[in-house]
Colleague: 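This is the structure I want to talk about, given as structure tokens.
This structure is a prediction, so every number in the text was calculated from the model and none was measured.
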Amino acid sequence: MKMSILFSLCIFAFPGSSQGRVVGVDEAGFAECNEFFYGETPPEGFTESFHVKICQQYNKEPRFATLYSMEDKTPLYSAFKYTKAAQRGEESWLVEPQIDDPGNDLEEMVHEAVAVGSVNNLGANQALTTDYVDSGYERGQLNPSSLNEDDFQLATYTLTNAVPMTPSLSESWHKDVENIVEQALAPHCENGARLYLVAGAVPSSLRVKDKVSIPEFLWLAACCDAPEVWSVGFLKRPSGENSIEDLSVEELEKQLPSGAHLFKSNCGGGSQSREKMEAILQTINQIQSEEPIVQTTAERVGWHRNYQRAQEKRGEGSLLKRVAGIVAAPFTKLLRILGYVLVEVLRYTCYFLWYVVKQLSNTAMGGLYSLWNGVMSYGKEISTVLVNIPRDVAKVTANIVMGFVRIFQNTLSLIYRILSVPIGLFLHILAFPLDTLCAVPIVLKDMAAGVGGTCSLIVDATAAMMSGFYYIATHLGKKFVPKLSSDD
């Protein structure tokens with residue numbers, strides 16, 4: 001029963017889920033978050049390898065886009081569309097697991113306490129809540145939660161949307177942006193037109209705890225896609241906390257890194273309506289000329305701001321009401337603090353229980369998986385051995401039979417060779433007389449042929465000799481006989 005109540009409270013504490021999807025390098029722009037850019041074209045000129053594109057989501061719906069620097073541990077800009085201002089909700093900061101651990105299976109942003117046991121190299125590429133503790137800086141949102149509707153607000157409380165700001169700078173930045181957007185920009189971008197906003201920070205070499213870059217200055221660019229398209233830029237330096245500088249988008253781009261181009265086609269560029277821009281700038285000057293109101297941290301909470309405005313409308317109350325308010329204020333704050341502590345304790349208790357259950361389930365599943373693998377391997381080996389037994393027996397039997405056949409064959413060959421020697425000798429002895437008698441006529445024939453050939457050779461030689469003598473005698477006779485006749 002207690003566990004079911006605790007589970008119900010956990011569901012009440014987390015009505016939706018925030019998700020920051022890291023956009024792949026092979027995807028165009030910011031994927032499904034391209035809708036937050038004018039003409040669905042993200043700013044150009046931000047192309048470093050350590051830049052990460054994040055599509056910030058809530059309840060699996062795109063809410064705004066962020067370009068994050070893993071080197072500076074801060075966002076370079078957050079792009080969003082103005083919807084409707086709302087009272088600022090409760091802060092609940094989250095981290096993005098996939099920035100530090102791309103192979104992690106956590107698809108949604110989680111609290112830092114949950115990520116500690118689930119994300120490898122947590123904090124290597126992004127800032128953590130612990131980086132801001134006792135630093136004199138707080139997490140300042142580029143996309144202020146107060147400029148978003150209720151469910152949009154929860155998605156803005158991510159450390160990928162925050163840069164280090166002093167408390168006074170954070171208060172001044174949010175107040176200036178809220179006043180300018182609500183009072184000067186939104187009223188001049190109506191009748192179905194969409195107001196595109198890009199809020200950014202330029203990192204400096206100064207770091208919080210040698211890790212998180214402190215912005216050199218903050219900037220805001222606005223573009224309205226009304227029939228009379230217009231755009232305007234703003235720049236706020238930490239040295240001028242109580243003022244914000246208005247300038248054209250082209251002038252703002254010159255202050256940014258080289259090659260920066262914020263809006264497609266310069267959001268109207270030189271074709272902007274002069275009357276529209278004069279009206280907008282006049283409203284901005286009126287806002288800036290008002291005397292700044294110093295607010296405490298508690299006054300930044302939406303309900304207290306509404307309470308203060310209601311008090312101003314009613315006029316001055318009675319002294320008794322003031323005293324009662326002064327006396328009740330500490331108790332009210334104490335109750336709020338206790339409520340906040342109770343909610344946080346309950347929240348982290350839920351996370352702890354979820355983490356324990358997850359670890360136990362992972363351990364159990366790992367053990368079952370290992371056991372299943374062992375059983376399957378053992379069964380496979382046993383089945384392989386059983387299947388091979390008949391084949392091995394047949395192979396051994398065949399080898400034995402072939403061995404006996406070879407022995408019998410070799411035995412017969414040996415007997416044949418032993419018996420062939422005396423039998424062959426006996427047959428040669430028996431055949432010798434017959435071969436001798438058969439050879440006598442052949443020998444006599446050969447002798448007669450030899451004697452005949454010799455006689456024939458002698459006769460031929462004698463005939464040749466006589467023919468030679470005759471030739472000589474005839475030649476000499478012909479030579480000398482005519483000579484004797486001539487002498488006579």
Side-chain angles (χ1 to χ4, degrees), residues 20-56 62 64-81 96 99 125-127 140-143 160-164 173 177 185 194-207 212-225 229-238 244-272:
R21 187 176 79 83
V22 175
V23 180
V25 295
D26 57 338
E27 298 183 76
F30 283 73
E32 62 269 27
C33 277
N34 283 334
E35 63 178 281
F36 299 106
F37 301 97
Y38 174 70
E40 296 190 353
T41 304
E44 300 175 356
F46 302 87
T47 57
E48 296 293 343
S49 59
F50 49 81
H51 292 170
V52 177
K53 295 178 289 186
I54 304 174
C55 182
Q56 308 282 11
F64 66 99
T66 298
L67 182 66
Y68 192 82
S69 171
M70 295 187 295
E71 181 178 87
D72 300 301
K73 311 295 189 299
T74 58
L76 296 176
Y77 63 75
S78 286
F80 55 100
K81 290 186 293 187
E96 172 52 61
I99 292 181
N125 296 323
Q126 66 178 312
Q141 294 174 315
L142 290 183
N143 176 10
T160 55
N161 181 46
V163 297
W173 164 255
V177 172
L185 303 183
R194 288 164 294 190
L195 180 59
Y196 295 91
L197 299 168
V198 183
V202 175
S204 69
S205 58
L206 300 177
R207 309 256 172 180
V212 187
S213 177
I214 300 172
E216 182 179 345
F217 61 85
L218 307 172
W219 55 271
L220 174 70
C223 173
C224 178
D225 66 351
V229 181
W230 56 264
S231 63
V232 65
F234 302 91
L235 188 147
K236 189 175 186 66
R237 300 186 185 277
I244 186 168
E245 177 185 355
D246 60 90
L247 64 172
S248 66
V249 173
E250 291 80 1
E251 292 173 341
L252 175 60
E253 290 173 347
K254 295 178 181 179
Q255 303 289 332
L256 301 179
S258 177
H261 190 69
L262 300 180
F263 295 119
K264 179 182 179 181
S265 302
N266 291 326
C267 188
S271 62
Q272 300 186 45

Colleague: To the nearest 0.5 Å, how far apart are CD1 in I54 and CD1 in I99?
Modeller: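 Going from CD1 on I54 over to CD1 on I99, the span is 3.5 Å.
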Colleague: With no hydrogens and no angle check, just 3.5 Å: does a side-chain donor-acceptor pair link T66 and S78?
Modeller: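 Checked: T66/S78 side chains pair up, N/O donor to acceptor below 3.5 Å.
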Colleague: Given side-chain contact (heavy atoms from CB on, under 4.5 Å), test F217 with L256 step by step and report yes or no.
Modeller: CA-CA 10 Å; F217 61 85; L256 301 179; 4.2 Å; yes
Colleague: Kindly say whether M70 contributes a backbone atom to a donor-acceptor pair with the side chain of N125 at under 3.5 angstrom?
Modeller: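 Answer holds: no.
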Colleague: Would you call the rings of F30 and F37 parallel, tilted or perpendicular, taking 30° and 60° as the class edges?
Modeller: tilted
Colleague: Over all heavy atoms of both residues, which pair between P75 and A162 is shortest? Give the atoms and the distance, please.
Modeller: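 P75 and A162 have their closest heavy atoms at CD-O, 3.0 Å.
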Colleague: State the CD-CG distance between E245 and L235, to the nearest 0.5 angstrom.
Modeller: 5.5 Å
Colleague: Kindly say whether A28 contributes a backbone atom to a donor-acceptor pair with the side chain of N34 at under 3.5 angstrom?
Modeller: yes
Colleague: Please check this pair: side chain of E253 against backbone of L262, looking for a donor-acceptor N/O pair closer than 3.5 Å.
Modeller: yes
Colleague: Evaluate the criterion salt bridge (charged side-chain N to carboxylate O under 4.0 Å, His left out) for residue pair E35 and K81; output intermediate values, then yes/no.
Modeller: CA-CA 9 Å; E35 63 178 281; K81 290 186 293 187; 3.6 Å; yes
Colleague: So do L206 and E216 actually touch side chain to side chain, heavy atoms under 4.5 Å?
Modeller: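 No - every pair of side-chain heavy atoms lies 4.5 Å or more apart.
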Colleague: Under 3.5 Å, is there a donor-acceptor pair between the side chain of N161 and the main chain of N143?
Modeller: yes
Colleague: Does F234 reach the side chain of V232, with side-chain heavy atoms less than 4.5 Å apart?
Modeller: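 In contact.
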Colleague: Kindly write out the residues that satisfy salt bridge (Lys or Arg N to Asp or Glu O under 4.0 Å) with D246, not counting sequence neighbours, or none if the list is empty.
Modeller: none
Colleague: Atom OH of Y38 and atom CG of D225: how far apart are they, to the nearest 0.5 Å?
Modeller: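 That separation rounds to 6.5 Å.
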Colleague: Less than 3.5 Å apart, which donor and acceptor atoms pair up between the side chains of residues 45-53 and the rest of the protein, not counting sequence neighbours?
Modeller:
| from | atom 1 | to | atom 2 | distance (Å) |
| --- | --- | --- | --- | --- |
| H51 | ND1 | E48 | N | 3.4 |
| K53 | NZ | G29 | O | 2.9 |

Colleague: Has the side chain of W173 got a donor or acceptor atom that lies under 3.5 Å from a matching backbone atom of Q141?
Modeller: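 Confirmed, W173 side chain pairs with Q141 backbone.
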Colleague: On a heavy-atom basis, which atom in L252 and which in L220 lie closest, and how many Å separate them?
Modeller: CD2-O, 3.7 Å
Colleague: Between A222 and L185, what is the shortest heavy-atom contact and its length?
Modeller: CB-CD1, 3.7 Å
Colleague: Identify the heavy atoms of P42 and Y77 that sit nearest to each other, and give their distance.
Modeller: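 Minimum heavy-atom separation between P42 and Y77: CB-OH, 4.3 Å.
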Colleague: Identify the two heavy atoms, one from P215 and one from P164, that lie closest to each other, and give their separation to 0.1 Å.
Modeller: CD-O, 3.2 Å
Colleague: For N266 and E250, which heavy atoms make the closest approach, and how far apart are they?
Modeller: CB-OE2, 3.8 Å
Colleague: Look only at the side chain of Q126 and the backbone of E96, and say whether a donor-acceptor pair between them is shorter than 3.5 Å.
Modeller: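 Yes; judged by distance alone, with no hydrogens or angles, the pair exists.
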Colleague: Got L142 and F64 here, is their nearest side-chain heavy-atom distance under 4.5 Å?
Modeller: no
Colleague: Who pairs with E32 by salt bridge (Lys or Arg N to Asp or Glu O under 4.0 Å), at least two apart in sequence or on another chain?
Modeller: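 Only R21 meet the salt bridge (Lys or Arg N to Asp or Glu O under 4.0 Å) criterion with E32.
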Colleague: Using only the SG atoms, establish whether C224 and C267 come within less than 2.5 Å of one another.
Modeller: no
Colleague: Do Y68 and V22 come close enough that some side-chain heavy atom pair is under 4.5 Å?
Modeller: no
